[in-house]
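Data first, discussion second: the structure below is written as structure tokens.
Numbering starts at 1 and runs along the sequence shown. These numbers come from a predicted model, not from an experiment.
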Amino acid sequence: MIKIYKYGEVSDEEVFSRVVPEVDVASVVSEIIAEVRKRGDSALFDYCKKFDKAELSSLEVSEKEISEAYDSVEPEFIEIMKKAAENIYAFHSKQVRNSFVINREDGVVMGQKVMPIEKVGLYVPGGTAAYPSSVLMNCIPAKIAGCDEIVMVTPPSADGRVNPVILAAAKIAGVDRVFKVGGAQAVAALAYGTETLPKVDKIVGPGNAFVAEAKKQVFGVVAIDMIAGPSEIMVVADRSCDPDVVATDLLSQAEHDRLASAVLVTDSEELAAKVSDSLERIIPTLLRSEIARASIDNNGKIIIAEDLELAIEVANRIAPEHLEICVDNPFDYLAKIKNAGSIFMGKNCPEALGDYFAGPNHTLPTSGTARFSSPLSVDDFVKKSQFTYYTADALEAVCRDVEYFAKKEGLTAHAASAVVRSEKKK
């Protein structure tokens with residue numbers, strides 16, 4: 001059963017704590033990465049047989065397989081994915097940054113070039129559920145950014161096939177190549193390259209603890225988007241909310257993962273009690289009831305705050321991945337929210353809208369990292385270079401200032417490089 005607290009009557013540690021089992025995956029992941037670097041494709045085939053129970057003849061998904069998978073998916077779902085893709089494209093198109101040039105009258109030209117990252121790797125989870133939404137959310141911003149090659153990795157099932165809806169989503173989103181590789185070994189292959197898988201410049205996409213640890217260990221060799229933890233939702237709800245609606249929204253994340261976190265903050269003890277009752281009634285009806293049960297029991301919380309102002313303060317301290325503001329006047333509170341991955345405004349905006357369809361990205365900072373991190377965006381798929389040009393007269397005007405600055409730092413070659421051109425002219 002979900003725990004209920006009154007804010008201020010228990011310690012912060014008890015309110016903000018989260019049950020996360022201590023599992024040492026670092027050494028296992030380190031060994032997998034070393035094997036992939038050493039043996040390349042051979043290691044990938046072996047790990048696929050060991051972890052996925054699949055004996056593959058080829059790692060890459062063929063165009064024929066992708067077309068057959070696309071044709072096998074019900075047309076209604078294809079159309080829904082296309083609508084979602086259009087919404088995602090429309091939202092992320094607004095994020096595009098432009099290069100700029102500053103031309104000064106004194107002969108100085110400065111600017112910034114915005115360029116796409118050339119090769120990007122997308123990790124798409126398999127396992128307990130297939131997430132075609134993750135394909136759309138990770139690929140479309142990269143396409144908008146103009147990346148030359150987008151490579152997707154995803155674990156196969158025991159029969160050696162990739163879930164058809166995953167491949168259909170890849171076709172809709174515009175993924176260039178797809179490989180039947182999952183886990184830490186897929187991350188290693190993208191980071192270092194093998195005989196078949198290309199080495200990429202950045203790896204994005206969510207995964208389990210082994211995937212997250214692998215991304216952490218290869219960071220620096222390649223860029224990564226973030227280290228994503230288990231899913232989170234916080235609902236801020238006032239006394240007028242329907243308890244069944246609030247409970248269902250909490251469960252929309254609880255069913256993701258046994259370690260997922262679902263938190264309600266409310267100014268109503270009555271709503272808190274009713275939501276608790278609703279959870280107990282709804283959980284047994286869910287397809288993933290065991291997962292939701294574990295999540296609610298381990299990391300589910302209801303926090304009763306004195307008022308909604310304090311509820312927002314609690315939200316800012318937790319910095320949730322998903323934050324629902326379930327009140328009639330949500331825009332009154334938007335400016336006060338400082339830390340959240342994605343904010344869902346009002347009583348008609350369930351978090352599931354963001355997971356699948358609305359357009360904003362669903363790859364979000366977790367575990368409190370919304371304090372300093374942002375949702376996946378077009379910015380994640382570009383890099384920037386800056387450039388500077390000075391005429392001889394422009395350099396002459398400032399070279400003594402640069403020389404002085406360099407000598408203050410004890411760097412005499414720096415200082416000399418600022419004045420040598422001027423002295424050579426004399």
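Dense packing is recorded around CD of Glu195, with more than 12 heavy atoms of other residues, nucleotides or ligands lying under 6.0 Å away.
Residue pairs that meet the side chain to side chain donor-acceptor pair (under 3.5 Å) test with at least one member in residues 109-124, sequence neighbours left out, do not exist here.
By the 4.0 Å N-to-carboxylate-O rule, Glu403 lies close enough to Arg400 to be salt-bridged with it.
When ring centroids are compared, Phe381 and His92 stay outside the 6.0 Å threshold.
Donor-acceptor pairing under 3.5 Å is recorded for the side chains of Asp41 and Thr196. For the residue pair Thr391/Asp393, the side-chain donor-acceptor check at 3.5 Å is not satisfied.
Considering only residues two or more places apart in sequence or on other chains, Glu232 meets the salt bridge (charged side-chain N to carboxylate O under 4.0 Å, His left out) condition with Arg18. For Arg39, the side chain to side chain donor-acceptor pair (under 3.5 Å) partners two or more places apart in sequence, or in a different chain, are Glu35, Ser42, Asp46. The ring pair (Phe, Tyr, Trp, His ring centres under 6.0 Å) search around Tyr47 returns Phe51, not counting sequence neighbours.
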Could you give the side-chain donor-acceptor pairs of residues 203-214 under 3.5 Å, partners two or more places apart or in another chain?
{"residue": "Asn208", "atom": "OD1", "partner": "Phe210", "partner atom": "N", "Å": "3.0"}
{"residue": "Asn208", "atom": "OD1", "partner": "Val211", "partner atom": "N", "Å": "3.0"}
{"residue": "Glu213", "atom": "OE2", "partner": "Gln217", "partner atom": "NE2", "Å": "2.8"}

For residues 305-315, run the donor-acceptor check on the side chains, cut-off 3.5 Å, and write out each pair with its distance to 0.1 Å, sequence neighbours left out.
{"residue": "Asp307", "atom": "OD1", "partner": "Glu309", "partner atom": "N", "Å": "3.2"}
{"residue": "Asp307", "atom": "OD1", "partner": "Leu310", "partner atom": "N", "Å": "2.8"}
{"residue": "Glu309", "atom": "OE1", "partner": "Lys336", "partner atom": "NZ", "Å": "3.1"}
{"residue": "Glu309", "atom": "OE2", "partner": "Lys336", "partner atom": "NZ", "Å": "2.7"}

> Under the side chain to side chain donor-acceptor pair (under 3.5 Å) criterion, do His362 and Ser134 qualify, and how do the steps go?
Replying inline: CA-CA 8 Å; His362 79 190; Ser134 288; 3.3 Å; yes

